[in-house]
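Each remark here refers to the structure printed beneath this line.
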Amino acid sequence: MSLNFYSGDKMNFPEYNAQEIEKKWQKHWEKEKTFACSAFRGKKYYILEMFPYTSGSIHIGHVRNYSIGDVVAHYKRMKGFNVLHPIGFDAFGLPAENAAIDKGTHPKDWTYTNIKNLRRQLKRLGFSYDWDREVITCDKDYYRWNQWFFIKFYQKGLVYQKKAPANWCPTCRTILANEQVIEGNCYRCGSPVVQKNLKQWFFKITNYADELLEEIEKMDWPAAVKKMQINWIGKSKGMQINFEMVDSKDKIAVYTTRPDTVFGATYLVLSPFHSLSEKIMEDDPSLKPEVEMMRKEQLIKGEVEKEGIFTGLWAVNPANREKIPIWIANYVLMEYGTGAIMAVPAHDVRDFEFAVKYNLPIRVVVSPPEAGSKVDSLKEAYTGEGKMVNSGQFNGIPSQQAREKMSEWMVLEGIGTPQVHYKLRDWCISRQRYWGTPIPIIYCDNCGVVSVPEKDLPVELPSDVRITGKGGSPLEKVRSFVECTCPRCGKKAMRETDTMDTFVDSSWYFLRYASKGNNLPFDIDRIDYWMPVDQYIGGIEHAILHLLYSRFFTKALRDINLLKINEPFTRLLTQGMVIKDGAKMSKSKGNVVDPEDIIKEYGADTLRGFILFAAPPEIDLDWKKEGLEGVNRFLKRVWRLVIANGKSWKDKLEYIYEEEGKNEKENELKIMVNKTIEKVSQDIEQRFRFNTALASLMEFVNYLYLYPEKKSPVFGESLQVLLLLLYPFTPHIAQELAERIGCKKDLCNCRWPEYKRSLLKSKKITLIVQINGKLRDRLTVFSKIKKEDIEREVLKREKVKKHIQGKNIKKMIYVPEKLINIVVD
RNA sequence: GCCGGAGUGGCGGAACUGGUAGACGCGCUGGACUCAAAAUCCAGUGAGGCUUGCCUCGUGAGGGUUCAAAUCCCUCCUCCGGCACCA
C-alpha cells in the first residue's frame, strides 16, 4: 500500500536526531541574535514571563512557564509584531546566604555560578529571548536604581520609618512583610512568625489602596487573582462610633460595619495593645499580668481561645444610654480599625462566643425573618438581615435600611462618623540580612536621618563580610561599611545596615528590560513605546506579593513622572503546577523530574511539546513519561512525513488557497489545511489553549499520512503550512525540516499563514437527524439546502419512518448546517 | 467559617455562543512488516444487550427549564486553592 511510504531503516532517510539539530539551531540563534529587537517602531508586543530566582537549576515549572511564553512570542513575531521577549535573573535573596553558611561560598560566587548554569539551561531549551536585555538584580548597576527609587519615594513622602510590631521569622532571622506571612508562618521556610518591635522602613502602598482596588476590578486577569487582591486590600465601609465613659471624660472610639446593631452592644472590648489598656494597667496594677499574657498570645499568629478581663470601668451605649462594661480581650486586634470594638454578641459570632464564656448579656436587635427570636432561643449569633427590634425608634425597619438610617442619625447626634477601612498595610521593606540592596540612609547625631545624595549612589554592598547565621545583620559588623560621614554636616555618622526586601527588585525589572537608561533607570521614550507588558505569565503563588507590589511601583513611578501608564501588566496568565504521582514536584517528596535528563533522552522540542500538550496552561499538569513518548512519536512522524515528501520551499503559498481543486480529495485537503490554520491561530491568540492547538496539528498530520496523492503541489504546500504552524511549539525540528526542503529564512521571519474563509467548509455536510432529541440518522446534504427540502427529504428516510410510525409530528426544528430535530408525540 | 475553582472512559484531557458526548494523546486489542523482537504502518477501543445492525444507559447525586443540557437554574455531596479573631 502506498501509505507505508517509510518503514524503519530500510529506506535511506536520515533519522530524527534531536540533540544534533537542536544544538545546531541554538548556535545559529545565538550567533545571529535572531530574537534581538533593537528597534522601537511599529506594532509592539511585550511578552514577559516571571524571571527565575537564581537557585541551582531550572525545574519543570520554569519550563512550563517559559514554553507557554515562547509560543506566544513566536506567534506574534510571525504575525508581524515587534516582539520584546526578555529574560533575566532574580538574584538577591536568602538562599544565597544560607548556601554561604552551609558551604562557605560567598553569596556572590554562589549566585553567579548558578546564573551561568541557568543561562546554559535556558539556551539549551531554545527559548527565543533577546539575551542582550538580560537583567541581574544583584548587579550594582541594577540595585543602585532601587536606592534611587527609595530616595525619590522618600522625598515624595512614600517612604517612612516607624517602630512597630513586625513579623519576625526566627529561622530566617529577619522581618517579613504581611504578604509574606502565610497562615502565621514564614512564606519561605514555614517557621511560625512572631511579632517583634523594631524600627522598620515602609513603602506607603496604602496611599494607593483605592486605586489598586478600583483598577483591579477592570483588568483582564484571572478571576482568582483579582479576587485575592481585592480581599487582600480588604476595603470595608462602616462607622466610627464614640462611646462616652462613666466617671471619665475620655471617649472610646470603635469601628463597626454594622451600625444597625448598636442597640445590641452590651459591652466594649479593648485590644491589650490599646493606649487605654496601657493606662488602665497603670491605674490598676492587678490587671497587669493578665493583659501582659494576652499581649504575648497575640504576638503569636493564629487563633487562640478567647480570653478577657473586666477592667472595672463602664461606658455608655450612645444609642440607648445604657451602662455597659469595658473589657480587655485577646481577640481584638490593635492593627485594625481603632483597636476597640463594640460587642454585639447576638449578631457577631466572636462576641457571642465571648459573651457565653463570661456570661455577658446578649440582646437581639435584628429579628430573623422566620423566627420571633428570644434571647434564650439563640444558640448562635445571627449575622443575617432581618427586622429591627429592641432598637427604639428604629424598630420594625429592615436591617439594611436601618444601617443607613441609623448612620444618618448618629452623624446628626454627633455620636459617629462614616469611615472606610482597609486590611492592606504599608509594605515593610527592611530586612536584617546581607544579600540585598543596602537602604541608602545615614544616621547622624547632628542631622538625624539623612538620605544618601544621588551622586553618591550606589551604596555598594561590601564583599568582605562574614556570614555566620548568628547575631544581628551581617552588615552591622562591617565597620568600613557602617562608618561614614554625614553628607550634610560632614561629621562622623553611621549607615543603615538593613537591606531591602527582594520584592523591591522584582517590582520594576520589566521596565529595565524595556530599556536600560544611563542617567536614569530607563529611557523614557522607549518605556512609553514598550509598556505596558501585553502579556505576563507566571505562577499563581505571586497573586498578591509580586503582582501587587509591581502595581504599586508602577503607580508610584507614574507619580514621580517616570511613567505614563497606570498598570504594568495588561493581561495575565497564571499557569498551573506540575504534578507527579499526585503531588507537587519537590525534593522532599523525591518526585522531581530534571528537565536536563528529559532533554538528553528526547530533546527540548519533545519536552516543550509535551508540557504544552498535556493540559491547558492554567490547569495543574500531570507528569507522565508515556505522554512524553507520545509527543516524541508525533515529532518523529512529522519528521518522516516531511523528509519523505517535502518539496521545494515556496515564499508564497498559492495552491491551497485556490477555490477549485483538481478533485474532491484535493478540495477536502484544502479545507483541512485552512481549518487547521484557523484552529491553531485561534487557540494561541484567543484562548491560550496550546493543548488543543497541538491536537489539531496531530489530526492534520494523521490526515496527511493517509492522503493518497503525496506528490501533488497542494500536498507540498500543506507540509509547509504544517512546519510554520508547528514552529512556535517545537521550533528546532520545524526550522530544521524547513531548511531541508529549501527554506533559507528563519521561520520567525516568515509570515504566519492566513486562512481563507470560503475554504473552511465543504459544500457537502453531514446533517444530524434527531427524533425527540435522540440521534437517529445522518444525512449528507449540500450546505446551502433549504429547510423545506430537508424536511421533505428526511421523512423519506427508512430509519426516520421506523421511528415516527404511527406518531404525530408536532414540529420540526432545523438548525442550519447542524441538525434537524423531529418532535413527535 | 468566608471567598474562589473544579468534578466527563482504564488515564491526561476535547466538546468555544445549549445542538453528533468522549477530539487528540496515553494505555489496551487485533492485523501488516520481520526468522523473531523492537521500531514503524493500518484498524478497533464509554458501559450493557441481542437478531452484528441496531436498541438501552451514560458527563459527582437529585430535581427543574427546553424540541434539545456536560453546558442554563435550584438543592446537595466530594476534591483543590486562597483568606481567616479584619469587628
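Predicted, not measured: the structure shown is a model, and the values here were computed from it. Convention: sequence-line order gives letters A, B, ...; per-chain numbering from 1.
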Kindly check if the number of other-residue, nucleotide or ligand heavy atoms within 6.0 Å of [atom1] ([X]) is above 12?
X        : atom1 : result
A:Gln686 : CD    : yes
A:Lys251 : NZ    : no
A:Glu404 : CD    : no

Among [options], find the nucleotide with the atom closest to the side chain of [X].
X        : options             : result
A:Ile619 : B:G13, B:G82, B:C67 : B:G13
A:Lys774 : B:U56, B:G13, B:A15 : B:U56
A:Gln770 : B:A23, B:C16, B:U20 : B:U20
A:Val815 : B:A14, B:G27, B:G19 : B:G19
A:Phe613 : B:A21, B:G82, B:G12 : B:G12
A:Leu775 : B:U20, B:G12, B:C67 : B:U20
A:Trp232 : B:A43, B:C83, B:C57 : B:C83
A:Arg633 : B:C67, B:G25, B:G27 : B:G27
A:Glu626 : B:C55, B:G27, B:G19 : B:G27
A:Lys679 : B:C85, B:A87, B:C16 : B:C16

[N] pairs with, by Watson-Crick or G-U criteria that keep both distances under 3.5 Å:
N     : answer
B:C28 : B:G44
B:A61 : B:U75
B:G1  : B:C83
B:U66 : none
B:U51 : none
B:A39 : none
B:C16 : none

Next on the checklist: Centre-to-centre under 6.0 Å for A:Phe613 and A:Phe690, is that the case here?
Outcome noted: no

Checklist entry - Would you say the side chain of A:Thr256 lies within less than 4.5 Å of the side chain of A:Ile241, judging by non-hydrogen atoms? => result yes

If I pick the [atom1] atom on [M] and the same atom on [N], what distance separates them, to the nearest angstrom?
N     : M     : atom1 : result
B:G58 : B:U71 : P     : 13 Å
B:U20 : B:C73 : C1'   : 26 Å
B:C85 : B:C72 : C1'   : 39 Å
B:U59 : B:A14 : C1'   : 12 Å
B:A15 : B:C2  : C1'   : 34 Å
B:C16 : B:A6  : P     : 14 Å
B:C3  : B:C74 : P     : 15 Å

Just checking [X]: base, sugar-phosphate only, or nothing, at a heavy-atom cut-off of under 4.0 Å?
X        : value
A:Ala614 : sugar-phosphate
A:Asn702 : sugar-phosphate
A:His803 : sugar-phosphate
A:Val254 : nothing
A:Asn821 : base
A:Lys423 : base

Next on the checklist: Once hydrogens and angles are ignored, does a donor-acceptor distance under 3.5 Å link the base of B:U20 to the side chain of A:Arg778?
Outcome noted: yes

Checklist entry - Any N or O donor-acceptor pair linking the side chain of A:Lys799 to the base of B:C54 at under 3.5 Å? => result no

Checklist entry - With under 30° as parallel and over 60° as perpendicular, where do the rings of A:Tyr382 and A:His347 fit, or are they tilted in between? => result perpendicular

Checklist entry - What orientation do A:Tyr358 and A:Phe354 show, parallel under 30°, tilted 30 to 60°, or perpendicular over 60°? => result tilted

Expressed in angstrom and rounded to an integer, what is the separation of [X] atom [atom1] from [N] atom [atom2]?
X        : N     : atom1 : atom2 : value
A:Glu618 : B:C80 : CD    : P     : 20 Å
A:Gln229 : B:C3  : CD    : C1'   : 15 Å
A:Tyr705 : B:G25 : OH    : P     : 12 Å
A:Leu621 : B:G81 : CG    : P     : 17 Å

Item to check | Residue closer to the 5' end of RNA chain B, A:Gly234 versus A:Glu699 (nearest nucleotide) | outcome: A:Glu699

Checklist entry - Between A:Lys818 and A:Ala695, which has a closest nucleotide on RNA chain B that is more 5'? => result A:Lys818

Checklist entry - What's the base orientation of B:G9: syn (chi within 90° of 0) or anti? => result syn

Checklist entry - Do A:Tyr703 and A:Ser718 pass the side chain to side chain donor-acceptor pair (under 3.5 Å) test, and can you show the C-alpha distance, the side-chain angles, and the key distance before you say yes or no? => result CA-CA 11 Å; A:Tyr703 182 86; A:Ser718 303; over 6 Å; no

Checklist entry - Would you say a side-chain N or O of A:Arg689 is under 4.0 Å from OP1 or OP2 of B:A15? => result yes

Checklist entry - So, is A:Arg776 close to the B:C55 phosphate, meaning a side-chain N or O under 4.0 Å from OP1 or OP2? => result yes

